[in-house]
Amino acid sequence: MLALILAASVSVAASADAAEIRFDHIHTYQEVVSYLEAVVSHYPEIAQTHKIGKSYLGKDLLVLEITNRATGDGLEKPAFFIDGNLHAGEVIGGEICLNTIQTLVTRYGEDPVITELVDTRAFYIMPKLNPDGSDHAITKPDGLRSVVRPFDDDGDGRLDEDPPEDLDGDGYITRMRLRDENGPLKTSPEDTRLMVSREQGVDTASWKGEWRVYTEGIDNDHDGKFNEDGVGGLDINRNFPDQWHPAPLSFHPGPYPLSEPESKAVADFFLAHTNLTGHINYHMSGNVAVYPPSNLRTDPITGDIVRQPFADENIYRRFGAKAVALIDHAKVQVFKIHGASPATWHGSIWGVYVDWVYHHLGIFSWIFEVGIYPGVTDIFPSYGKEIERLRWSDENMEGKLFVDWKPYDHPQLGRVEIGGFLGKIYDPNYQTYTNVMCLPGPDYEQRLESHTKWHLYLMMQSPLVRVGDVDVAALDEGFFRITASIENQGILPTYVTEQALRAETAETVKATISLQGADRVGGTEVVDLGHIPGNSHAKKVEWVVHTTSRNPTAIIEVVSRKGGTHSREVSIDNDEVQSR
Ligand SMILES: [Ca+2]
Ligand SMILES: [Ca+2]
Ligand SMILES: [Ca+2]
Ligand SMILES: [Ca+2]
Ligand SMILES: [Zn+2]
């Protein structure tokens, strides 16, 4: 039923101009599919869709490629990958992806920078890395970590046997509180809707507790725990092959690396797209831009700690500083993941997507944890004190972010009260839930755009290898020296990261000559130029050729895996020689 209503609202929303998108709610998978189809049909020369696999529930996993195909295939250009919605409820990343798509396709041909980027680079954008999970988070009152595949959260041998229930039928999963003198909570002296810890509340009345709190629902399996095993539970951001560890060292990492169709599909896409130079994996919490390593890294032979190459760290900091500058109102913090969190597991997390992309493939890879709603940055929603959130809700949202406690006769607990903070708000116009951290509002779209600006900045940093001047000098009769200048016009080196050199994934730059009406007598057909740093002088490559025919030509082609493919054709002017 819900699916039918959704489909109807999609066609209405899309009818004005099918290739336009409004950022007024969080888009479902089907809405994203419709938008991507419209983009491809409106902008066929610069946009195409790749189906890179199927989700657990059989949805196509879609990557939109944006590049001007008239100037070459995407694989022959430096590329950037952006994805959203790996974690089900962290839905703003998908909207950022859609904003970048919209910006690129609508401003191509108008904005000179965007035009040049789409002509010379390729963008691969995947708004819904985990469409099943994100649709669940958007359309159902409960939530889940990442994918919907049934998973035994509590280790009792049964899968998803105790999800929460919306007992009072208000469309939300909130909390239940039960009066209990031994409970750990007391009514807050600041506001009777809130509770504080019993210890904290000791001096306000007595040392006794008042409340015991549960999430809303039934203990379906009668194990004394409420809602301990809902939909899904495994985390595909612990399912990648970099330093993968099983439980309990890693939290719900899946049975083995890339065991899930979603993680395997993106990994295969990365392996097939050796032109990638950068990647952002979007999440939503904390307002931080963070980069690998996410864990302690040791040499497997010596046990010595292996540190990140200093040059890469420097570049991460430079790119991070730009995020802070462009996404300024969000007060972004930038740091390395490992060591940032407390001593749990020595601050390490294992099997993380961006670690695999950076450490195995040598591509700059970021987790961007999009922060909290602008304008209330410091207090809302989960980082400030509850009392500040509640006041903010009262003053700005007519109290809508908090459901007042109401009595309810629970079949297992007896009389309880149901209420508390909302994590997401239902929008009856779209029949979708919007996470409270990304409510549409006055700054919302600018915020999405500020991320798009950062993407454009990062893409401009890529290497970009070109055949520059080609000089043909006559030697003895019929002999010519052809000298080509091979340039990296970009900012990053052709190996992109020092880690790519360590991992031996950085392919060197190769120049090739193909002759028509002439023979090569000096120099090899393919010349390995090694790597070319960014901001550098050109490298020279030289061949000697011999010809007796009229109008001979040479095509010089340079191939840099991450700096692009480029060629120039020159004529070898034979007339001058023959007239001597
Ligand atoms: Ca279970
Ligand atoms: Ca589960
Ligand atoms: Ca409810
Ligand atoms: Ca239970
Ligand atoms: Zn996340």
Side-chain angles (χ1 to χ4, degrees), residues 2 55-57 86-90 130 132-178 193 195 211-239 246-248 250-255 259-263 393 397 399-428 431-436:
L2 190 57
S55 71
Y56 177 76
L57 293 179
L86 183 155
H87 283 146
E90 303 178 20
N130 164 25
D132 302 337
S134 92
D135 265 8
H136 190 99
I138 292 167
T139 62
K140 306 242 164 76
D142 60 326
L144 73 164
R145 176 63 167 165
S146 69
V147 291
V148 301
R149 178 145 86 97
F151 180 83
D152 183 10
D153 288 74
D154 60 335
D156 67 349
R158 300 169 67 192
L159 308 176
D160 298 359
E161 78 285 356
D162 192 354
E165 286 88 11
D166 174 20
L167 294 177
D168 62 357
D170 69 347
Y172 296 113
I173 303 294
T174 54
R175 298 205 286 177
M176 311 188 291
R177 62 180 190 179
L178 175 71
R193 290 172 289 178
M195 291 166 281
W211 302 106
R212 186 174 296 285
V213 170
Y214 307 85
T215 51
E216 187 180 348
I218 305 285
D219 175 11
N220 305 78
D221 62 339
H222 308 284
D223 66 349
K225 290 178 278 185
F226 283 76
N227 317 316
E228 75 284 358
D229 192 350
V231 171
L234 76 75
D235 186 352
I236 52 171
N237 204 27
R238 304 291 180 274
N239 189 236
S250 192
F251 192 69
H252 299 176
S259 60
E260 303 311 302
E262 297 84 1
S263 48
S393 166
M397 297 284 297
K400 267 201 284 188
L401 297 189
F402 191 93
V403 177
D404 277 344
W405 300 101
K406 283 182 204 71
Y408 181 83
D409 288 317
H410 192 279
Q412 294 165 318
L413 294 169
R415 173 58 62 104
V416 296
E417 292 179 5
I418 295 180
F421 281 106
L422 297 184
K424 49 188 177 182
I425 291 188
Y426 188 68
D427 181 344
Q431 288 98 35
T432 55
Y433 288 88
T434 297
N435 193 299
V436 295

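Only this structure's heavy atoms are used, side chains among them; waters, hydrogens and symmetry mates stay out. Atoms within a ligand are numbered from 1 in the order they appear, just like the ligands themselves.
Taking 3.0 Å as the threshold, Asp154 does not count as a candidate ligand of the Ca ion (ligand 4), since none of its N, O or S atoms lies below it. Backbone or side-chain N, O or S atoms of Tyr172 reach the Ca ion (ligand 3) at under 3.0 Å. Taking backbone and side-chain atoms together, Pro150 has no N/O/S atom less than 3.0 Å away from the Ca ion (ligand 2).
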**OP:** Kindly indicate, with the supporting measurements, whether the criterion side chain to side chain contact (heavy atoms under 4.5 Å, CB included) is fulfilled by Phe226 and Gln412.
**Re:** CA-CA 10 Å; Phe226 283 76; Gln412 294 165 318; 3.6 Å; yes

Any chance you could lay out the side chain to side chain contact (heavy atoms under 4.5 Å, CB included) test for Glu260 and Asn130, step after step, and finish with the verdict? CA-CA 10 Å; Glu260 303 311 302; Asn130 164 25; over 6 Å; no

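For the atom pair CD of Glu417 and CG of Leu178, the computed distance is 10.0 Å after rounding to the nearest 0.5 Å. Atoms CG and CG, from Asp223 and Asn220 in turn, are 9.5 Å apart once rounded to the nearest 0.5 Å.
Between His410 and Tyr214, the ring center distance fails the sub-6.0 Å criterion.
The OE1 atom of Glu228 and the OD1 atom of Asp223 meet at the Ca ion (ligand 4) at an angle of about 110°, given to 10°. The Ca ion (ligand 3) lies at the vertex of an angle of 80° between the OD1 atom of Asp166 and the OD1 atom of Asp168 (rounded to 10°). To the nearest 10 degrees, the Ca ion (ligand 2) sees OD1 of Asp160 and OD1 of Asp229 at an angle of 100°. With the Ca ion (ligand 4) as the vertex, OD1 (Asp219) and O (Lys225) define an angle of 80°, rounded to 10°. For Asp162 atom OD2 and Asp221 atom OD1, the angle they make at the Ca ion (ligand 4) is roughly 100°, to 10 degrees. Rounded to 10 degrees, the O-metal-O angle spanning Gly232 and Gly230 at the Ca ion (ligand 2) equals 90°.
Nearest to the Ca ion (ligand 3), among the N, O or S atoms that Asp170 has, is OD1. Shortest distance from the Ca ion (ligand 2) to Asp153 is reached at OD1 (N/O/S atoms only).
No side-chain donor-acceptor contact under 3.5 Å links Asn239 and Glu262.
Counting heavy-atom neighbours within 6.0 Å of Arg175 CZ, excluding the residue itself, gives a total of 12 or less.
Screening Val231, Asp229, Leu159 for a side-chain contact (heavy atoms from CB on, under 4.5 Å) involving Asp153 leaves a single residue, Asp229.
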